[in-house]
Structures are given as structure tokens and as C-alpha cells.
Amino acid sequence: MKKMMSILLVLCLAIACLAGCGSSNEETEAVKETEAAAETEAAGEATTIQVFIAASLSNAMEEIAANYAAVAPEVTIIYNAGSSGKLQTQIEEGGACDIFFSAATKQMTALVEGGYVNEEDVTELLENKVQLIKPAGGETAVTGFENITDAANLALAADTVPVGQYAREIFENLGITDAVMAMEINECEDVSAVLAAVSEGSNEVGVVYATDAASVADKVEVIATADDSILNTKVIYPVGLVQNAEADDAEVEAAKAFIEYLMTPEAAAVFEKYGFSVNQ
């Protein structure tokens with residue numbers, strides 16, 4: 001009888017231990033789940049934003065995206081870089097875009113007038129300069145925009161591209177448009193293509209932004225910089241929040257936050273590093 005009682009006591013203790021262990025494991029799992037949920041909430045909802053940028057902004061914006069990852073690790077930024085005119089058309093045709101960063105006010109104004117961007121959501125953030133360049137060490141009789149027709153050929157962005165529009169304004173103000181258009185012209189789809197054509201020596205001269213020339217200072221030389229006497233229009237880069245019908249609330253808020261970051265001293269330092277000046 002005593003032996004039977006001992007066996008029953010051992011069995012009861014074993015069952016109690018197993019029950020206790022099960023409860024402990026459940027409590028541990030519950031704590032882990034709570035902690036994981038808290039970490040997710042603290043980090044914020046994982047979000048992706050689509051940012052359309054002028055080609056001349058590419059280097060600066062890539063660095064800014066890397067810096068922003070430390071500020072908002074939950075946000076993934078996808079860039080679509082190209083000519084501002086081409087990007088404008090993509091937005092008008094329904095391309096998913098949360099932010100548009102143009103190399104000129106013309107394209108942004110068109111999107112505002114078309115209802116794709118609200119005027120109050122646009123900031124004229126940066127300013128650039130237009131320059132005439134040649135390949136490093138290249139020979140040319142051209143000494144400025146005034147005698148650009150002395151070159152054998154010219155790399156020039158299309159008239160739908162802001163830098164191409166600025167160049168044509170310069171030619172018009174100098175009264176040399178017809179003479180320039182009669183030249184052998186390599187018409188490029190954007191400023192990056194102009195820069196490549198000149199830096200590779202395919203063209204004797206080309207018209208680019210100062211920031212582009214600075215990015216390959218070992219491959220090109222600046223002949224001249226357009227001042228107010230020949231270029232009346234300021235080279236302004238506006239950034240705006242696009243009315244993206246496909247974006248959810250989290251994406252809209254993430255896009256707004258990124259635009260705000262672009263206006264911080266940290267972002268300004270990057271832009272200035274690449275040759276832009278922050279528009280006051």
C-alpha cells in the first residue's frame with residue numbers, strides 16, 4: 001500500500017511539473033510576440049515610395065537615400081531618373097509616382113495646372129548653373145557661348161529637356177539660334193547623355209549643368225558659365241508631392257517626411273557637395 005502511494009505521489013509531481021513547464025513556455029512565447037510587435041511598431045510600417053528625379057540629381061540623391069536609411073529604415077526609396085520632360089509625361093500617363101523633383105519649374109507648373117500636384121506642396125529647393133564644356137585636353141576654337149558655332153559639332157539636349165531649353169534660351173538671347181541649329185548637332189535625350197558624349201570625346205563641345213561638369217572634372221573642362229546677361233531664367237529645381245491614386249496613407253506620409261528631410265541642413269550639405277546651391 002505504501003509503495004502504491006509513493007508511486008501515485010511521484011506521478012502527481014511529474015504531472016505538475018509538466019503543466020508548469022507548458023505554462024512557462026506559453027508565457028515565454030507570449031512575451032516574445034509582444035516584444036516583436038513593439039519593435040515593429042517602433043520601427044514603423046515598412047513602406048516604399050517612388051521618387052522621380054531629374055537625371056542631374058542622381059549622384060546627390062543616391063547619397064541622400066543612403067543617409068536617410070539611418071533616419072527612416074522602414075522606408076524604401078525607388079528612384080526613376082531621367083529628363084524632367086520625360087518624367088512629367090510618365091506622371092501624366094499614370095505612372096506611379098509619389099514625389100517629383102524637376103530640373104526646371106516648367107514641368108512642375110504643368111503638373112500643377114493638370115491637377116497632378118497641388119501648388120502648396122511644391123518647394124523651389126535648389127539652383128544650378130548652365131555651362132559650356134569640352135573634353136579634357138580637347139582642342140577647340142570656342143571660347144564662350146557667343147562663338148559656339150566655331151565648333152565642328154555640338155552635343156545638345158532635346159528641346160523637351162530643361163538643360164536643352166536653357167541652352168536654346170541662351171542662343172536666342174545671343175541672336176545665334178539659326179546658326180547653331182545649322183551645326184552638326186548630337187541631340188541627346190537628357191543631360192547625362194550630353195555629358196557622356198563630351199567626356200568620351202564624341203563631341204567637341206556640349207551644354208550641361210555645372211553639377212554635371214563637376215561630377216567628371218577629370219574628363220571635361222568648363223569653357224564658360226552662363227550668367228544673367230545671356231540666361232534670364234534661373235535654373236531652379238522644384239520638388240513636389242504628387243497626387244498618387246495608388247498610394248496608401250502610409251506611403252503619402254512617408255513621401256511627405258522625405259520631402260521634409262530634403263529641406264534639412266544635412267540634405268543641404270549633400271546638395272552643396274555636388275555643386276547645387278540651396279534656393280533661399
Requested in this report: Please lay out, stage by stage, how Phe276 and Leu57 fare under the test side-chain contact (heavy atoms from CB on, under 4.5 Å).
Outcome: CA-CA 9 Å; Phe276 293 97; Leu57 285 163; 3.7 Å; yes

**Report entry** Thr140 and Asp150: CA distance, side-chain angles, deciding distance, side-chain contact (heavy atoms from CB on, under 4.5 Å) verdict
**Finding:** CA-CA 8 Å; Thr140 182; Asp150 287 343; over 6 Å; no

Query raised in the report: What do the steps show when you test Val252 against Asp98 for side-chain contact (heavy atoms from CB on, under 4.5 Å), and what is the final call?
Result: CA-CA 7 Å; Val252 172; Asp98 299 298; 5.9 Å; no

Query raised in the report: Given the rule in the side-chain hydrogen bond (donor to acceptor under 3.5 Å, both in side chains) test, do Thr47 and Glu74 qualify, once you have shown the distances and angles that lead to the verdict?
Result: CA-CA 6 Å; Thr47 308; Glu74 75 281 5; over 6 Å; no

Report task. Please assess Leu231 against Val130 for the test side-chain contact (heavy atoms from CB on, under 4.5 Å), listing each intermediate value before the final yes or no. Result -> CA-CA 9 Å; Leu231 180 59; Val130 174; 3.9 Å; yes

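When hydrophobic clusters are built by joining Ile, Leu, Val, Met, Phe, Trp and Tyr residues whose side-chain heavy atoms come closer than 4.5 Å, directly or via intermediates, Ile53 is not grouped with Tyr116. Put simply, Phe101 and Leu87 are part of two different groups of oily side chains (I, L, V, M, F, W, Y) that touch within less than 4.5 Å, one to the next. Phe271 and Met108 are members of different hydrophobic clusters when ILVMFWY side chains are connected at heavy-atom separations under 4.5 Å. No single ILVMFWY cluster, assembled from side-chain heavy atoms under 4.5 Å apart, contains both Met263 and Val122. Residue Val112 is not grouped with residue Ile259 when hydrophobic side chains (ILVMFWY) are merged at heavy-atom distances under 4.5 angstrom, including chains of intermediate members.
In the model, Tyr237 has a side-chain atom that pairs as donor or acceptor with a side-chain atom of Ser56 under 3.5 Å. In this structure, a donor-acceptor pair under 3.5 Å is present between the side chains of Glu92 and Gln88. For the residue pair Asn80/Gln90, the side-chain donor-acceptor check at 3.5 Å is satisfied. A donor and an acceptor atom, one from each side chain of Asn186 and Asn153, are nowhere located under 3.5 Å apart. Glu189 and Ser83 share no donor-acceptor pair across their side chains, judged by distance under 3.5 Å alone. Defined by atom type and a distance below 3.5 Å, a donor-acceptor pair is missing between the side-chain atoms of Glu266 and Tyr261. Side chains of Thr211 and Asn128: a donor-acceptor N/O pair is present below 3.5 angstrom, by distance only.
In this structure, Ala255 and Leu241 approach most closely via the heavy-atom pair CB-CD1, 3.6 Å. Between Ile223 and Val142, the shortest heavy-atom distance links the atoms CG2-O, 3.7 Å. In plain terms, the two heavy atoms of Ala157 and Val194 that are nearest each other are N-CG2, 3.6 Å. Here the shortest heavy-atom pairing between Ser102 and Ala54 reads C-CB, 4.2 Å. Contact record, Asn203 with Ala155: OD1-CB, 3.6 Å, taken as the closest heavy-atom pair. Between Val242 and Ile91, the closest heavy-atom pair is CG1-CG2, 4.1 Å.
In this structure, Glu119 places its CD atom where only 12 or fewer heavy-atom neighbours from other residues, nucleotides or ligands lie under 6.0 Å away. For Asn232, the CG atom sits in a packed shell: over 12 heavy atoms of surrounding residues, nucleotides or ligands are nearer than 6.0 Å. Within 6.0 Å of atom CG in Asp218, more than 12 heavy atoms from other residues, nucleotides or ligands are found, so the atom counts as buried in its surroundings.
Although no hydrogens or angles enter the test, the distance criterion places no donor-acceptor pair under 3.5 Å between the side chain of Thr264 and the main chain of Glu260. Panel note: side chain Asn147, backbone Thr143; a donor-acceptor pair is recorded below 3.5 Å. No side-chain donor-acceptor contact under 3.5 Å links Glu204 to the backbone of Leu154. In this structure, Glu221 contributes its side chain and Ala136 its backbone to no donor-acceptor pair below 3.5 Å. Of the possible donor and acceptor atoms, none in the side chain of Ser202 sits under 3.5 Å from a partner among the backbone N and O of Val198.
The aromatic rings of Phe258 and Tyr79 sit tilted relative to each other, their planes meeting at an angle between 30° and 60°.
In this structure, OG on Ser229 lies 9.0 Å from CG on Asn173, to the nearest 0.5 angstrom. Atom CG of Asp190 and atom OG1 of Thr160 lie 9.5 Å apart (nearest 0.5 Å). How far NZ of Lys106 is from OH of Tyr166: 10.0 Å, rounded to the nearest 0.5 Å. Atom OG1 in Thr177 sits 4.0 Å away from atom CD in Glu172 (nearest 0.5 Å). For the atom pair CG of Leu262 and CD1 of Ile99, the computed distance is 6.5 Å after rounding to the nearest 0.5 Å. Atom CZ of residue Phe145 and atom OG1 of residue Thr225 lie 7.5 Å apart, to the nearest 0.5 angstrom.
Looking at Glu63 and Lys273, a side-chain N of the basic residue comes within less than 4.0 Å of a carboxylate O on the acidic one, giving a salt bridge. Salt-bridge check for Arg168 with Glu187: passed, with a basic side-chain N closer than 4.0 Å to an acidic carboxylate O.
Looking at heavy atoms from C-beta onward, Leu111 lies out of side-chain contact with Gln107 at the 4.5 angstrom threshold. Contact annotation: the side chain of Lys86 never approaches that of Thr89 to less than 4.5 Å [non-hydrogen atoms, C-beta and beyond]. Looking only at side-chain heavy atoms (C-beta outward), Asp121 and Gln243 come within less than 4.5 Å of each other. Residues Thr76 and Ile49 are not in side-chain contact: their nearest non-hydrogen atoms beyond the backbone lie 4.5 Å or more apart.
Within the structure, salt bridge (Lys or Arg N to Asp or Glu O under 4.0 Å) contacts touching residues 237-251 (residues at least two apart or in different chains) do not occur.
Residues forming a side-chain contact (heavy atoms from CB on, under 4.5 Å) with Glu127 (at least two apart in sequence, or on another chain): Lys129, Lys234, Ile236, Ser277, Asn279.
Taking the centre of each ring, Phe100 and Phe52 stay at or above the 6.0 Å mark.
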